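These notes are about the structure you will find just below.
Computed over heavy atoms, backbone and side chain alike; hydrogens, waters and symmetry mates excluded. What you are looking at is a predicted structure, and each value in this text was computed from that prediction instead of being measured.
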Amino acid sequence: MRIEVRWAGPIPGDIRRHAAELVALRPDVILAYGSSTVGALLQNTRTVPIVFPVLGDPVAAGYVESLEDRAVTSPGS
């Protein structure tokens, strides 16, 4: 198992850069915290599963069409 960690804080450019770096590593799964991180990751991939423990409503945010969409995965879905 290999764990890669990126922390960008509230800086949008850093979030986008880190998202691109993580996707380029071709991981089996990405754990993302927060809406800005999920959005940046989805701009870089629709094939790597993204698990997010903290995000309001992924349908309302436009990240998925329905809760059945497996492009983004939340706990319990």
Item to check | ILVMFWY network linking Ile3 to Val51, side-chain heavy atoms under 4.5 angstrom | outcome: no
Checklist entry - Which heavy atom of Ala8 sits nearest a heavy atom of His18, and at what distance? => result CB-CD2, 3.4 Å
Next on the checklist: Within this structure, what is the CD-CG distance for the pair Glu4 and Leu31, rounded to the nearest 0.5 Å?
Outcome noted: 13.5 Å
Next on the checklist: Quick check for you: to the nearest 0.5 Å, what is the distance between Thr37 atom OG1 and Arg6 atom CZ?
Outcome noted: 12.5 Å
Next on the checklist: If I compare all heavy atoms of Ala32 with all of Pro53, which pair ends up nearest, and what's the gap?
Outcome noted: O-CD, 3.3 Å
Checklist entry - In Å and rounded to the nearest 0.5 Å, what is the CG to CZ distance from Leu41 to Arg46? => result 10.5 Å
Next on the checklist: If I take atom CD1 from residue Ile15 and atom OG from residue Ser35, how far apart are they, to the nearest 0.5 angstrom?
Outcome noted: 10.0 Å
Next on the checklist: To the nearest 0.5 Å, what is the distance between CG on Leu42 and CD1 on Ile50?
Outcome noted: 4.0 Å
Item to check | Spacing of CG belonging to Asp28 relative to CZ belonging to Arg2, to within rounding of 0.5 Å | outcome: 11.0 Å
Next on the checklist: Test your reading of the model: is there a side-chain donor-acceptor pair from Tyr63 to the backbone of Asp57, 3.5 Å cut-off?
Outcome noted: no
Next on the checklist: When you compare the side chain of Val48 with that of Pro27, does any pair of heavy atoms fall below 4.5 Å?
Outcome noted: yes
